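Remarks on the structure that follows.
Just so it is clear: chains get the letters A, B, ... in the order the sequence lines come, proteins before strands, and each one is counted from 1. Owing to the predicted nature of the structure, the values given are computational and were not obtained by experimental measurement.
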Protein chains: 2
Amino acid sequence: MDADKVFKALSDSTRRMLLDRLYEQNGQTLGQLCQDVGMARQSATQHLEILEAANLVTAVRRGREKLHFINPVPLHEVYERWVQKFERRRLGLLLDLKNELEGDPK
Amino acid sequence: MDADKVFKALSDSTRRMLLDRLYEQNGQTLGQLCQDVGMARQSATQHLEILEAANLVTAVRRGREKLHFINPVPLHEVYERWVQKFERRRLGLLLDLKNELEGDPK
DNA sequence: ACAATACGCAGGTAAAAGCCTGCATGTCAA
DNA sequence: TTGACATGCAGGCTTTTACCTGCGTATTGT
């Protein structure tokens with residue numbers, strides 16, 4: 001997983017919206033996804049290219065259409081690397097701050 | 001949670017490294033965190049400000065020092081909103097693509 | 001064949017991000 | 001009190017990002 005590409009891809013609200021749309025209906029075409037995004041087709045296309053580069057979306061050509069599918073694997077890996085790790089020590093991390101705020105020595 | 005700020009904060013490798021460092025040792029000072037990042041102190045400071053603005057890090061002043069603590073809450077919320085959701089349908093989403101690749105009609 | 005459809009390619013612009021240097025301020029310890 | 005230390009503030013530079021417009025190519029249905 002290229003963490004940089006994945007997080008950068010997720011760092012834009014338009015792209016997160018596109019993912020949500022694909023979640024609602026997987027396998028949409030470029031044209032469908034470019035509708036109602038409030039920007040030119042080419043702009044939305046560029047966002048989808050970034051999602052593809054991050055492997056969050058996989059596109060398949062069928063005739064003159066391009067179908068888009070969510071790839072949930074990178075999100076799973078983000079969870080394993082970035083959330084689970086911090087989750088395990090979640091309460092402990094919060095306690096560090098609490099103790100400092102209360103002036104407790106370590 | 002401000003998803004935009006959180007994802008943007010996580011989209012830079014320097015900032016992810018800073019989080020990892022804080023995970024190793026919570027409560028470090030600005031000076032400590034600015035060491036060995038391969039950039040000027042002020043640059044690292046700006047990264048920490050972004051992490052603070054995203055609530056991923058909470059800073060506390062103690063005398064002339066500024067101590068930094070991880071706040072695991074935003075990461076937890078990212079998980080709930082962005083990972084868990086896709087995780088539930090993970091296999092189904094992958095199947096959509098597999099079927100399309102194999103030319104199966106829906 | 002040909003017109004409509006779905007998409008790709010190639011720039012161009014403005015704003016944001018990331019990095020820097022220089023100087024100012026506040027705190028501690030001797 | 002005064003020098004060393006830890007951090008804050010301000011501005012400038014360069015690259016990246018997000019958006020656009022205009023035109024080219026491939027596919028489809030009639």
Side-chain angles (χ1 to χ4, degrees), chain A residues 2-22 25-69 97 100-101 103 105, chain B residues 2-22 25-69 100 103 105:
Chain A
D2 188 330
D4 214 65
K5 283 187 182 176
V6 173
F7 279 117
K8 283 221 162 77
L10 291 171
S11 75
D12 183 272
S13 65
T14 299
R15 292 193 284 270
R16 293 196 301 273
M17 186 201 65
L18 288 169
L19 277 184
D20 273 336
R21 281 226 220 154
L22 278 179
Q25 189 191 338
N26 211 2
Q28 292 186 68
T29 68
L30 225 186
Q32 288 178 297
L33 289 170
C34 287
Q35 285 178 341
D36 309 314
V37 281
M39 64 181 67
R41 172 181 61 89
Q42 193 55 30
S43 306
T45 299
Q46 288 174 355
H47 284 301
L48 284 165
E49 284 167 357
I50 290 173
L51 289 171
E52 284 184 59
N55 240 298
L56 285 161
V57 162
T58 301
V60 180
R61 279 213 88 98
R62 193 174 58 186
R64 63 179 161 181
E65 291 176 319
K66 189 178 178 187
L67 309 183
H68 297 77
F69 295 86
L97 175 59
E100 178 60 34
L101 287 173
Chain B
D2 186 331
D4 214 65
K5 284 188 182 176
V6 173
F7 280 116
K8 282 221 163 76
L10 291 171
S11 74
D12 182 273
S13 65
T14 299
R15 292 193 284 268
R16 293 197 301 275
M17 185 201 66
L18 287 169
L19 277 184
D20 271 337
R21 281 225 218 152
L22 278 179
Q25 189 190 338
N26 212 1
Q28 292 186 67
T29 68
L30 225 187
Q32 286 177 296
L33 290 169
C34 286
Q35 285 177 341
D36 309 314
V37 279
M39 63 181 67
R41 172 182 60 89
Q42 193 54 28
S43 307
T45 299
Q46 287 173 357
H47 283 301
L48 284 165
E49 284 167 356
I50 289 173
L51 289 170
E52 284 184 59
N55 239 300
L56 285 161
V57 162
T58 301
V60 179
R61 279 212 88 99
R62 194 174 57 186
R64 62 180 162 181
E65 290 177 318
K66 189 178 178 187
L67 308 184
H68 298 77
F69 295 86
E100 178 61 33

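Side-chain N/O atoms of R62(B) include none lying less than 4.0 angstrom from OP1 or OP2 on dA6(D). Remark: R61(B) is not in phosphate contact with dT27(C), judged by side-chain N or O atoms under 4.0 Å from OP1 or OP2.
Taking atom CD of Q28(B) as the reference point, atom C1' of dT7(D) lies 16 Å away to the nearest angstrom. Straight-line distance from the CD atom of E65(B) to the P atom of dG8(D): 12 Å, rounded to whole Å. E49(B) places its CD atom 12 Å from the P atom of dA10(D), with the value rounded to the nearest Å. Nucleotide dA16(C) holds its C1' atom 15 Å from the NZ atom of K5(B), rounded to whole Å. Atom CD of Q35(A) is separated from atom C1' of dC7(C) by 14 Å (rounded to the nearest Å). Rounded to whole angstrom, the span from the CG atom of L30(A) across to the P atom of dA26(D) amounts to 17 Å. Across the protein-nucleic acid pair, L48(A) atom CG and dA6(C) atom P stand 16 Å apart, rounded to whole Å. One can place NE2 of H68(A) at 12 Å from C1' of dG8(C), the figure rounded to the nearest angstrom.
When the side-chain contact (heavy atoms from CB on, under 4.5 Å) test is applied to S13(A), the partners found at least two apart in sequence or on another chain are R16(A), D4(B). The side-chain hydrogen bond (donor to acceptor under 3.5 Å, both in side chains) check on N55(B) picks up N71(B), with sequence neighbours excluded. Partners of K5(B) under the salt bridge (Lys or Arg N to Asp or Glu O under 4.0 Å) rule, at least two apart in sequence or in another chain, do not exist in this structure.
Across R64(B), E65(B), K66(B), a single residue satisfies side chain to side chain contact (heavy atoms under 4.5 Å, CB included) together with T29(B), and that is E65(B).
Atom CG of L33(A) is separated from atom CZ of R21(A) by 6.5 Å, given to the nearest 0.5 angstrom. Note that the CD atom of Q28(B) and the CG atom of L67(B) stand 10.0 Å from one another [nearest 0.5 Å].
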Do any side-chain atoms of residues 34-50 of chain B form donor-acceptor pairs under 3.5 angstrom with protein atoms, and if so which ones, sequence neighbours left out?
from	atom 1	to	atom 2	distance (Å)
T45(B)	OG1	R41(B)	O	2.9
H47(B)	ND1	R15(B)	NH1	3.0

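When side chains are defined from C-beta on, L56(B) counts as touching L10(B), because their heavy atoms get closer than 4.5 Å.
Judged by atom type and distance alone, R64(B) does not reach the base of dT7(D) through any side-chain donor-acceptor pair under 3.5 Å.
When all heavy atoms of A54(B) and V6(B) are compared, the pair lying nearest together is O-CG2, 3.7 Å.
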query = Using a cut-off of 4.0 Å between protein heavy atoms and nucleotide atoms, how would you tag nucleotides 16-21 of chain D 5' to 3' with B, S and -?
reply = -SSBBB

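The overall bend of the helix from dA1(C)-dT30(D) to dA30(C)-dT1(D), read as the angle between its terminal helix axes built from five base pairs each, is 30° when rounded to 10 degrees.
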